[in-house]
Number of protein chains: 2
Amino acid sequence: MPPSKAPNGRTGRPPVTSRAEILAAARRLIDQDSWERLTVRKLAAELGIGTTTLYHHVRDKEDLLLLVLNEYAGQLPRPELPAGPQDRIVAAATFLHDAFATWPWAVEVLTADGFVGLLDDAALWPVEAIVAAAIDAGCTQQQAVVAFRSIWYYTVGEILVRARSPHRPVTGAELHFDFPANLDPAKTPHLTAIGRDWKTYAAADTYPHGLRALVSGLLPSST
Amino acid sequence: MPPSKAPNGRTGRPPVTSRAEILAAARRLIDQDSWERLTVRKLAAELGIGTTTLYHHVRDKEDLLLLVLNEYAGQLPRPELPAGPQDRIVAAATFLHDAFATWPWAVEVLTADGFVGLLDDAALWPVEAIVAAAIDAGCTQQQAVVAFRSIWYYTVGEILVRARSPHRPVTGAELHFDFPANLDPAKTPHLTAIGRDWKTYAAADTYPHGLRALVSGLLPSST
DNA sequence: ACCTGAACACCGTTCAAGT
DNA sequence: ACCTGAACACCGTTCAAGT
């Protein structure tokens, strides 16, 4: 038997799915459940196809996650940035932060794979904006790169600590500083004194505050 | 047959291993290979015991990692700290950073489980030192907690980004900013201009620089 | 008391065979 | 061209049975 001939003139067995459908289903599952619990098998089941069929449309699981990530990044509305360099950096970094806060797994994927060689051109604008603003503020290229990296570390750390805190996804006591009740006041007097208040203090979202402290320390002093 | 009676008077089958031996073997395997590749099965093989025997000495894999971590933390020599509050914070944070830099999996374990309720009393001194110094510098308790958290985020981020960068464990181009050659100069002029130099700039260890910027921004201005 | 193999309930991925 | 079940090489953990 010769291979069947489809109406579109192409030959062979017709597809049961497409890359776009796969990405949409993956995103659905990630949003419903966590990205850690997304498995190739579940994704195929969601689509009603054989597990191994997926491997005809994406290289492997990592490839799949990067595709979903870039799609997500491209869909986010791009905000207006303020004129002042320092405010511009804060705004761009906060945009990054907020984007990651709703999709913390993106940070895991990006840090797992060396970041940006993997991002689409269109998703790089916050990086460009931060570097550009730093140079506007009087930084050399090198200082601007250093500034971006510091901001990136701070942002990644905040997201990961927050995301991994048990069952407190939105705001809250991320550090989960639930001291053992048996803190030794001789060894840790200040921690003992703070005691239960730590939880209260740590409940606030301090990302912007720390970010401003960092940025003001990184840029050449311009009053 | 009655249960055999050991010379020490205790009854039953004699142990083939101990918690101490298990922790030592786990540490050996983690140092040799990465902690991601430590499996319960490999650990049992290393000890020459049945896999499931491990579960009589540790609750589960997470428990095992925490035990190893606390042992490691307790063994690190505690440095002298400078007198000035700002320098003291930098020194304590740098100690944390360096400890994690040689054992990045510790950060993974700690961030995975909400940090410090899990640390031994003895391992908490850097936290106490940072909070104490912040209060010395004029911070309120709340400001001191915020300062610690910001420093913690920055440190965690640096370690994780560095640790996960492919095959560059010690120093180096952690961000791996290997732009696609097809960067659009219209969209990302500054990144395009920096180009290959990014790698050079990013090769430096900028943790201390960013840390100082952050700390100086966080403390009440004291010249 | 302590040890252990078999078993359970999973993974991601490959590959030969089918349509 | 595309799909797919079986299979491979793994995981962490439980549990009944052995000593």
Side-chain angles (χ1 to χ4, degrees), chain A residues 1-23 25-26 29-30 33-69 105 108-109 112-113 164, chain B residues 1-23 25-26 29-30 32-69 105 108-109 112-113:
Chain A
M1 273 263 266
S4 63
K5 199 121 183 202
N8 57 13
R10 299 213 291 140
T11 174
R13 190 170 175 174
V16 293
T17 188
S18 63
R19 175 173 281 200
E21 268 179 23
I22 290 172
L23 297 187
L29 289 183
I30 288 171
D33 203 2
S34 66
W35 81 280
E36 289 98 330
R37 284 196 282 273
L38 175 69
T39 70
V40 175
R41 285 167 154 91
K42 276 192 212 160
L43 178 54
E46 168 83 7
L47 289 159
I49 64 174
T51 304
T52 53
T53 304
L54 286 170
Y55 287 84
H56 288 269
H57 296 91
V58 296
R59 190 158 32 80
D60 53 22
K61 196 184 179 184
E62 188 190 306
D63 183 43
L64 168 75
L65 288 171
L66 275 170
L67 290 168
V68 177
L69 171 55
W105 66 270
E108 307 268 5
V109 173
D113 299 299
R164 295 174 175 188
Chain B
M1 274 262 265
S4 62
K5 199 124 181 202
N8 56 13
R10 298 212 292 141
T11 174
R13 189 169 177 174
V16 294
T17 188
S18 64
R19 176 173 280 199
E21 268 180 23
I22 290 172
L23 297 188
L29 289 182
I30 289 171
Q32 272 170 34
D33 204 2
S34 66
W35 82 281
E36 289 98 331
R37 285 196 282 273
L38 175 69
T39 71
V40 176
R41 285 168 155 89
K42 276 191 213 162
L43 178 55
E46 168 82 6
L47 288 160
I49 63 174
T51 303
T52 53
T53 305
L54 286 170
Y55 286 84
H56 288 269
H57 297 91
V58 296
R59 191 158 31 81
D60 53 22
K61 194 185 179 182
E62 187 190 307
D63 182 43
L64 168 74
L65 289 172
L66 275 170
L67 289 168
V68 177
L69 172 55
W105 67 269
E108 308 269 4
V109 172
D113 300 299

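As the structure is a computational prediction, the values presented were derived from the model and not from experiment. Sequence lines set the chain letters: A, B, ... in the order given, protein chains first and strands last, and positions in each chain run from 1.
- C/dG12 atom P lies 10 Å from atom CG of A/L64, rounded to whole Å.
- Contacts of A/T17 with the nucleic acid, taken as non-hydrogen atoms under 4.0 Å apart, involve only primed sugar atoms and P, OP1 or OP2.
- Of all the residues in residues 46-56 of chain A, A/I49, A/G50, A/T52, A/T53, A/H56 reach under 4.0 Å from DNA chain D with at least one non-hydrogen atom.
- Here the C1' atom of nucleotide D/dC3 and the CD1 atom of A/I22 are 12 Å apart, to the nearest Å.
- Residues A/D63 and A/D60 come closest through the heavy atom pair N-OD1, 3.0 Å.
- Note that CD of B/Q32 and NZ of B/K42 are 10.5 Å apart. Values are rounded to the nearest 0.5 Å.
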Practice task
Output, in order, the C-alpha distance, side-chain angles, deciding distance and verdict of side-chain contact (heavy atoms from CB on, under 4.5 Å) for B/L64 and B/L43.
Solution key: CA-CA 11 Å; B/L64 168 74; B/L43 178 55; 3.6 Å; yes
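- The residue among A/K42 and A/R59 whose nearest nucleotide of DNA chain C lies closer to the 5′ end is A/K42.
- Closest approach of A/H57 and A/R19 over heavy atoms only: O-NH2, 3.0 Å.
- Between A/I30 and A/W35, the closest heavy-atom pair is CG2-CB, 4.0 Å.
- Distance check, rounded to the nearest 0.5 Å: CG of B/L69 to CH2 of B/W105 gives 5.0 Å.
- Test A/R41, A/E36, A/R37 against A/T39 for side chain to side chain contact (heavy atoms under 4.5 Å, CB included) and you get one pass: A/R41.
- Between the C1' atom of C/dC11 and the CZ atom of B/R41 lies a distance of 12 Å, rounded to the nearest Å.
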Pairs under 3.5 Å (Watson-Crick or G-U), crossing ones as [ ], inter-strand ones as |: DNA chain C comes out as ||.|||||...|||||.||
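- The distance between atom CZ of A/R13 and atom C1' of C/dT19, rounded to the nearest whole Å, is 5 Å.
- Atom CD in B/E21 sits about 14 Å away from atom C1' in C/dC2, given to the nearest Å.
- Rounded to the nearest Å, the gap between the C1' atom of C/dC10 and that of D/dA9 is 13 Å.
- Between B/L65 atom CG and D/dC11 atom C1' there is a gap of 14 Å when expressed in whole angstrom units.
- Considering only side-chain N and O atoms, B/H57 lies under 4.0 angstrom from the phosphate OP1 or OP2 of C/dC3.
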**Request:** Tell me, with the steps shown, if B/L47 and B/T53 meet side-chain contact (heavy atoms from CB on, under 4.5 Å).
**Result:** CA-CA 10 Å; B/L47 288 160; B/T53 305; over 6 Å; no
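- With rounding to whole Å, B/L43 atom CG is found 15 Å from D/dT13 atom C1'.
- As rounded to whole Å, 16 Å separates atom P of D/dC11 from atom NZ of A/K61.
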Residues A/E108, A/L65; criterion side-chain contact (heavy atoms from CB on, under 4.5 Å); working and verdict: CA-CA 10 Å; A/E108 307 268 5; A/L65 288 171; over 6 Å; no
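- The stretch residues 32-39 of chain B comes close to DNA chain D through B/L38, B/T39, each having a heavy atom under 4.0 Å from the strand.
- Of the inter-residue distances, the one linking A/I22 atom CD1 with A/T17 atom OG1 reads 4.5 Å to the nearest 0.5 angstrom.
- Nucleotides C/dC2 and D/dA17 are separated by 13 Å at their C1' atoms, to the nearest Å.
- When all heavy atoms of B/L38 and B/K61 are compared, the closest pair comes out as O-NZ, 2.9 Å.
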